[in-house]
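Report on one structure; see the data block that follows.
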2 protein chains.
Amino acid sequence: MTLRSQLLKGIMDGCVLAVIEKEPVYGYVLSKKLQDIGLVDVTEGTIYPVLLRLQKKGFIVGEMQPSEAGPNRKYYYLTSEGKEELELIIEEWDNIASPIEKLFKRRGNNA
Amino acid sequence: MTLRSQLLKGIMDGCVLAVIEKEPVYGYVLSKKLQDIGLVDVTEGTIYPVLLRLQKKGFIVGEMQPSEAGPNRKYYYLTSEGKEELELIIEEWDNIASPIEKLFKRRGNNA
DNA sequence: TATCAATACCTTGTTAAACAAGATAGTGAA
DNA sequence: TTCACTATCTTGTTTAACAAGGTATTGATA
């Protein structure tokens, strides 16, 4: 719908892997974290399909853990395949983002 | 299909507008230009739908011009609405790209 | 003449992923 | 008992890249 949602296509996997790499998280809090850093539209409707996809591909593993308050939480951990995948995604990102940056930067430089 | 193709979602319009802003171009050569700067998969199957979409929205206008060798060329020019749209797209890009960059940058900093 | 490559336009169909909307359920406070 | 917050997940819609194909012009080569 939004331009924002289109711009995230193909990079959500990378974002999720990057967060999980730092420390294992569960879906609900992952969504909040991504919103906090500026990806404001990343709600649960986005995050859970991504987590399922990544788990199916073997890049993360989920483990249910009891919670003292509220429903149980499914924590996700990065696998070594997931780490490799993250490297690839970051490389691709650089390959795509840098020509776009150049295209967008050299403009209005009449100062 | 490719990760690359997903990463370009929602940003092709901006890329095309940015190129046309510098100088009017026709579709065939626009595709080559974008490939040259690193967007290697941007073929005519990508470019012509984008040009039609942008024209329908009033961001560019096309004008057929005779060619001495080969088929005629349809040159596209940026409108003032197109310029405004480009500004918006670049702003959105910055809003999305910068948190992603941060997520990807602060890694492997054990040097 | 026929054929090929390069140039140049365009359309159709497939596919993937974000995400809005909704369903379900546990805890605890008012 | 009603509400808010936490937490999981699914379904359906939408959008845009782009692979594949089609048409036509010019000019070179066989």
Side-chain angles (χ1 to χ4, degrees), chain A residues 1-17 24-35 39-57 59-60 62-76 89 92-93 96 100, chain B residues 1-17 24-35 39-57 59-60 62-76 89 92-93 96 100:
Chain A
M1 192 68 138
T2 58
L3 169 60
R4 186 174 246 105
S5 96
Q6 291 300 325
L7 280 180
L8 288 174
K9 285 268 165 89
I11 204 58
M12 275 307 308
D13 286 15
C15 293
V16 168
L17 290 175
V25 287
Y26 56 98
Y28 185 81
V29 91
L30 175 60
S31 150
K32 304 279 184 222
K33 269 175 192 265
L34 290 173
Q35 285 169 24
L39 274 16
V40 293
D41 292 324
V42 179
T43 60
E44 296 148 60
T46 300
I47 235 57
Y48 287 108
V50 172
L51 287 171
L52 290 178
R53 186 164 70 231
L54 292 174
Q55 192 171 33
K56 203 169 286 177
K57 288 178 179 170
F59 298 145
I60 57 176
E63 191 187 325
M64 213 61 169
Q65 280 175 20
S67 171
E68 285 144 21
N72 293 341
R73 301 160 172 174
K74 195 184 240 173
Y75 281 84
Y76 288 94
I89 290 175
E92 276 293 333
W93 168 262
I96 298 299
I100 293 174
Chain B
M1 191 68 141
T2 57
L3 170 61
R4 187 174 246 102
S5 95
Q6 291 300 324
L7 281 180
L8 289 173
K9 281 272 165 86
I11 204 58
M12 276 307 308
D13 286 15
C15 293
V16 167
L17 290 175
V25 287
Y26 55 99
Y28 184 81
V29 90
L30 174 60
S31 151
K32 304 275 185 224
K33 268 176 192 264
L34 290 174
Q35 286 169 24
L39 274 16
V40 294
D41 292 323
V42 180
T43 60
E44 296 152 63
T46 300
I47 235 55
Y48 287 108
V50 173
L51 288 171
L52 291 177
R53 186 165 69 229
L54 292 174
Q55 193 172 34
K56 203 168 284 176
K57 289 179 179 170
F59 298 146
I60 57 176
E63 191 186 325
M64 213 61 171
Q65 280 176 21
S67 170
E68 286 145 18
N72 292 342
R73 300 160 174 174
K74 195 183 242 174
Y75 280 84
Y76 288 94
I89 291 174
E92 277 292 334
W93 169 260
I96 298 298
I100 293 174

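Naming convention: chains lettered A, B, ... in sequence-line order (proteins, then strands); numbering from 1 in each chain. Only heavy atoms go into these numbers, but all of them, side chains included; no hydrogens, no water, no symmetry mates.
Residues from residues 46-53 of chain B with heavy atoms under 4.0 angstrom of DNA chain D, sorted by number: B:T46, B:V50, B:R53.
In this structure, B:D13 atom CG and D:dA17 atom P are separated by 6 Å, rounded to whole Å. Following rounding to the nearest Å, B:L8 (CG) and C:dT15 (C1') show an atom-to-atom distance of 15 Å. Here the P atom of nucleotide D:dT6 and the OH atom of A:Y26 are 9 Å apart, to the nearest Å. Summarising the geometry, the separation between CG on A:L30 and C1' on D:dT8 is reported as 14 Å, rounded to the nearest angstrom. Atoms CD1 (B:I100) and C1' (C:dA18) sit 13 Å apart, rounded to a whole Å. When the P atom of D:dA17 is taken as reference, atom CG of B:L34 falls 11 Å away, rounded to whole Å. D:dT15 atom P lies 20 Å from atom CE of A:M12, rounded to whole Å.
Dashed line: the shortest gap from a side-chain N or O of A:K32 to OP1 or OP2 of D:dA7 is not under 4.0 Å. Residue B:Y28 has no polar side-chain atom (N or O) positioned under 4.0 Å from OP1 or OP2 of C:dC9. One finds a side-chain N or O of B:K74 lying less than 4.0 angstrom from the OP1 or OP2 phosphate oxygen of C:dC10.
Across A:L39 and A:C15, no two heavy atoms sit closer than the pair CD2-SG, 4.2 Å.
Of the candidate nucleotides C:dC19, C:dT7, D:dT15, C:dC19 has the atom nearest to the side chain of A:T43.
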- request: Begin from the C-alpha positions of A:M12 and A:L34 and carry the test side-chain contact (heavy atoms from CB on, under 4.5 Å) through to its verdict.
  value: CA-CA 10 Å; A:M12 275 307 308; A:L34 290 173; 4.1 Å; yes
task: Take A:R4 and A:V40 through the test side-chain contact (heavy atoms from CB on, under 4.5 Å) and record every step on the way to the result.
output: CA-CA 9 Å; A:R4 186 174 246 105; A:V40 293; 3.8 Å; yes
- prompt: What string of B, S and - do you get for nucleotides 23-30 of chain D, 5' to 3', if B is base contact, S is sugar-phosphate-only contact and - is no contact with any protein heavy atom under 4.0 Å?
  reply: -BBS----
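Interface remark: the B:E44 side chain does form a donor-acceptor pair with the C:dC9 base, using a distance-only criterion of under 3.5 Å.
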Show me the side-chain donor-acceptor pairs of residues 43-57 of chain B shorter than 3.5 Å, one per line, residues at least two apart or across chains.
unit_1: B:Y48; atom_1: OH; unit_2: B:Y28; atom_2: N; d: 3.4
unit_1: B:R53; atom_1: NE; unit_2: B:D13; atom_2: OD1; d: 3.4
unit_1: B:R53; atom_1: NH2; unit_2: B:D13; atom_2: OD1; d: 2.6

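In this structure, the side chain of B:Q35 engages the main chain of B:V42 through a donor-acceptor pair within 3.5 Å.
Here B:L17 contributes atom CG and B:I11 contributes atom CD1; the two are 10.0 Å apart, rounded to the nearest 0.5 Å. Between the CG atom in B:L7 and the NZ atom in A:K9 there is a gap of 12.0 Å [rounded to 0.5 Å].
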